[in-house]
Amino acid sequence: MIEIDRLIVDAAGIAPQQGKQFARLLESALQRQLEMGGSPSSFSAKDGVQVNIPAPGPGANVTVQGLAGQVAQAIHRGLARRA
């Protein structure tokens, strides 16, 4: 089980009122990533994991669901590197 105590997302594409929706979508997307790509067996997140997502290009249509998927992938990659 992986528990995220605090997640700060600096994304211009997410309005403050979309925060709870983003959190639910991120949780679902991360669960899928862990099921497909495996979960690190010996990970301690005390130091945290920092992830970077490239900014979308001009005119890109950023959705809350798409951003949640990108963040989930980045978190999964970060966890795998730290394990």
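These numbers come from the heavy atoms of this one structure, side chains and all, not from hydrogens, waters or symmetry mates.
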Listed pairs under 3.5 Å, donor-acceptor, residues 19-27 side chains, sequence neighbours left out:
none

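Gln17 meets the side chain to side chain donor-acceptor pair (under 3.5 Å) test with no other residue; sequence neighbours excluded. A search for side chain to side chain donor-acceptor pair (under 3.5 Å) contacts involving Gln65 returns nothing, not counting sequence neighbours.
Between Thr63 and Leu67, every side-chain heavy-atom pair lies at or beyond the 4.5 Å cut-off.
Annotation: the span from His76 atom NE2 to Leu34 atom CG amounts to 5.0 Å, rounded to 0.5 Å.
When all heavy atoms of Ala68 and Ala29 are compared, the pair lying nearest together is O-CB, 4.0 Å.
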